[in-house]
Amino acid sequence: MRSAYEPWNEARGAEIIAEHDKLEGATLVILHAMQEAFGYVPEPAIPMIASALSLSRAEVHGVFTFYHDFRHQPAGRHVLKLCRAEACQAAGGDALAARAEAKLGIAFGNTTADSRVTLEPIYCLGLCATAPSAMLDGRVIGRLDEQRLDALMAEAQR
Amino acid sequence: MTMRIFVPRDAGAVAVGADEVAAALELAAVKTGIAVEIVRTGSRGLYWLEPMVELATLQGRVAFGQVTAADASSVFDAMAAGGSHPLYLGLTEQIPWLKRQTRLTFARCGVIDPRSVRDYRAHDGYKGLERALTLTSDEILADVTTSGLRGRGGAGFPTGIKWKTVAQASADRKYIVCNADEGDSGTFADRMIMEGDPFAVIEGMTIAGIAVGASKGYIYIRSEYPHAVAAMNAAIAAARRTGYLGEYIVGSSHTFDLEVRVGAGAYVCGEETSLLESLEGRRGIVRAKPPLPAHKGLFGRPTVINNVLSFAAIPFILAGGAKAYAEYGMGRSRGTMPIQLAGNIKHGGLFETAFGITLGELVDDIGGGTFTGRPVRAVQVGGPLGAYFPRTLFDTPFDYEAFAARDGLIGHAGVVVFDDSVDMAKQARFAMAFCAVESCGKCTPCRVGSTRGVETIDKIIRGERTSENLAVVEDLCNTMKFGSLCALGGFTPYPVMSALKHFREDFGPAPATLQAAE
Ligand SMILES: Cc1cc2nc3c(=O)[nH]c(=O)nc-3n(C[C@H](O)[C@H](O)[C@H](O)COP(=O)(O)O)c2cc1C
Ligand code: SF4
Ligand code: FES
């Protein structure tokens, strides 16, 4: 999906900030918008957000690092998230998670060397009655088994 | 006559192929030239049958499930010809699993088009608001109190008292905040209602605004729920277009508007004060109480913060149902609870019923045991901060106080079933690890205790000085329980201690056996 993202560009960053900076408590909204545009939150965006919202750079940086969602660097072309929470554990999710790590040759939280796939844990997608669950680039998948997981990985590696 | 077919757009149904089924049905219709309207609804909550497709008939809706894209054309033919089909389930409302429920909050979920105000109104929607507009604030609050409704987010605090506190506070502005962070594993009722009946949440929040004198509301939805975010935004836009949100709501003197905000993957942001911090654009660090959010909440203003299901229960209550609602339930747990059956379970889904049903009925009878067919060994109730229950406690009735009396909690009513292959030491370790990762960092017992808990359980798993290390875990749990500001640190001991207490055999040989071996 990376091709869909724009490369960092200060003018575009300023435009995104201007779209949201009148909202009450806009920091998360802007960080989300940055990530949606660029695929991650580029470091130079932090001081820009801070000055637009009259916050210190440290405050905005603190928010950026507190939340698991915000990326510090671009992800792989595809992001595969596997649910690691209890209902999915009960349905055999741990074995599938191990299989994904082994087949992709990376641990959770990492991106394959060819930067095709980023593998991430997620803690519950609210699909716990059709567990185990996964999400590939925003698409949800339930009743995951070895076959379906392999198909997802093949799709992500293309 | 145009055939009306219903296919869920609920994320749980989409995750198992509902979009493909809808497309295949459409194709089948085009091929045969029969006029068809495909309505994308929420889910009825019978997830083992998803994708479940329905057809409107003169006798009522009939269902087919589990339908795959490959089945679509034969299902369509059966629908068109009124013929039989192996996936035919009969009248939807007569399916025993659905018929046994008492659907007050979920009455419309899976039935209506979640983007249509007209459909919502055709199914008793906005009757609560219409009545509320004829009442005084005190009368609305009296109804909420009469219903006995307690917060469905986990803590079970009486909703009427919370609203009254905010109504009595004076301030230049007040806020209504909907907690849609639903981070507990095994829970999905908030997601379902936001996707399947979003106007119920909007109506409940609007009534709250009128009752306490607030004109602005926020719905804080976790980022893991993109479908719910889209559904809520679509419903808010529709409500604005039809005069149900904005200035002069349905011609009254009241103004109320809503905005969706999206979380960013922090479990602790489900805790109400952490959520408010996050809404204000800060790190989700838990605030000390007092002051209560009802006095000083969002941006320091009096704030009603309730769970999605608490708000969604309000329309029924305000539409003249306060007494009827209170007649369901047991003890101090009044009304119905949308219980979520999940994990390794044969018939998983959304089961709304009066409080009082036992855990055993839920797991064995309604849930049908495990889908692996192996014996049920442990059931975690109430998410990652909830206790693990063994079979011997299956007589526990679903009731806030009964669960507390057995060192557990019902929380947001998620029930996660495990079969006999579960390793309870691993589950205890996970509870500590989850706490360590998600801790907001404010209290030492939570932040440091959980990390030490992981290390200590690892030693136990390796068989190092088992009884000494078990004592260390117990100590850590006590420190966390009494030295934590919020329930993340305070309740993580529930899953850990319950695993230890009820499944001791998974933590290495007991001291007695060791002595005998010497
Ligand atoms: C760590 C933690 C996570 C929580 N997560 C949620 C949640 O996801 N949704 C929710 O409604 N309440 C959650 N709560 C409970 C809220 O703090 C609060 O009690 C609730 O929003 C009040 O609404 P209610 O009275 O309608 O239940 C959580 C509490 C803690 C301590
Ligand atoms: S118990 Fe944990 S999550 Fe809760 S306030 Fe303390 S450190 Fe934060
Ligand atoms: S626990 Fe995996 S989807 Fe809920």
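In what follows, chains carry the letters A, B, and so on, assigned in the order in which the sequence lines appear, proteins first and then strands, with residues in each chain numbered from 1. What you see is a predicted model; the values in this text were computed from it and never measured.
In terms of heavy-atom pairs under 4.5 Å with chain A, the best-connected choice from Gly183(B), Ala342(B), Ser185(B) is Ser185(B). Ranked by heavy-atom pairs under 4.5 Å with chain A, the first of Glu224(B), Arg283(B), Gln340(B) is Arg283(B). By number of non-hydrogen pairs under 4.5 angstrom with chain B, the leading residue of Glu86(A), His68(A), Met135(A) is Glu86(A). Between chain B and the residues Val140(A), Thr65(A), Val29(A), the largest count of heavy-atom pairs under 4.5 Å involves Val140(A). With chain A as partner, the option from Gly186(B), Gly284(B), Ala11(B) having the largest number of non-hydrogen pairs under 4.5 angstrom is Gly284(B). The greatest number of non-hydrogen atom pairs below 4.5 Å with chain B, out of Val63(A), Leu144(A), Leu31(A), is found for Val63(A). By number of non-hydrogen pairs under 4.5 angstrom with chain A, the leading residue of Cys269(B), Gly348(B), Gly343(B) is Gly343(B). Counting heavy-atom pairs under 4.5 Å between each of Ile285(B), Thr372(B), Ile345(B), Val262(B) and chain A puts Val262(B) at the top. When Gly349(B), Ala228(B), Gly263(B) are compared by the number of non-hydrogen pairs under 4.5 Å with chain A, Gly263(B) comes out ahead.
Checked for salt-bridge contact, Arg191(B) and Asp10(B) meet the test: a charged N lies under 4.0 Å from a carboxylate O. Ion pairing between Arg12(A) and Glu15(A) holds under the 4.0 Å rule for side-chain N and carboxylate O. Between Arg301(B) and Asp172(B), at least one side-chain N (NZ, or NE/NH1/NH2) sits under 4.0 Å from a carboxylate O, which counts as a salt bridge.
For Ser278(B), the parts lying near chain A are the backbone and the side chain together; criterion is any non-hydrogen pair under 4.5 Å. For Val415(B), no part sits under 4.5 Å from any heavy atom of chain A, backbone or side chain. If you measure heavy-atom distances from Glu259(B) to chain A, the contacts under 4.5 Å come from the side chain alone. Residue Val422(B) does not touch chain A at all, counting heavy-atom pairs closer than 4.5 Å. Heavy atoms closer than 4.5 Å to chain A are found nowhere in Asp190(B), neither backbone nor side chain. If you measure heavy-atom distances from Pro226(B) to chain A, the contacts under 4.5 Å come from the side chain alone. For Leu279(B), the part lying near chain A is the backbone, with the side chain staying farther off; criterion is any non-hydrogen pair under 4.5 Å. Both the backbone and the side chain of Leu125(A) have a heavy atom closer than 4.5 Å to some heavy atom of chain B. In this structure, chain B has no heavy atom under 4.5 Å from any part of Arg139(A). Contact annotation for His347(B): neither backbone nor side-chain heavy atoms come within less than 4.5 Å of a heavy atom of chain A. In this structure, chain A has a heavy atom under 4.5 Å from the side chain of Gln380(B), while its backbone stays farther away.
Checking each of Asp94(A), Asp145(A), Asp150(A) against Arg99(A) for a salt bridge (Lys or Arg N to Asp or Glu O under 4.0 Å) leaves exactly one that passes, namely Asp150(A).
In this structure, Tyr267(B) has its ring center at least 6.0 angstrom away from the ring center of Tyr123(A). Between Trp97(B) and Phe351(B), the ring centre distance stays below 6.0 Å.
Crowding of Arg282(B) atom CZ: a count of heavy atoms from other residues, nucleotides or ligands under 6.0 Å exceeding 12. In Glu36(A), the CD atom is not crowded: 12 or fewer heavy atoms of neighbouring residues, nucleotides or ligands sit closer than 6.0 Å. Heavy atoms from other residues, nucleotides or ligands lying under 6.0 Å from CZ of Arg374(B) number more than 12. Lys346(B) NZ: 12 or fewer foreign heavy atoms inside a 6.0 Å radius.
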For the pair Arg261(B) and Leu23(A), evaluate side-chain contact (heavy atoms from CB on, under 4.5 Å) and give the outcome as yes or no after the intermediate values.
CA-CA 11 Å; Arg261(B) 286 290 173 93; Leu23(A) 293 174; 3.5 Å; yes
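Judged by the 6.0 Å distance and 45° axis criteria, Lys216(B) is positioned over the aromatic ring of Tyr218(B).
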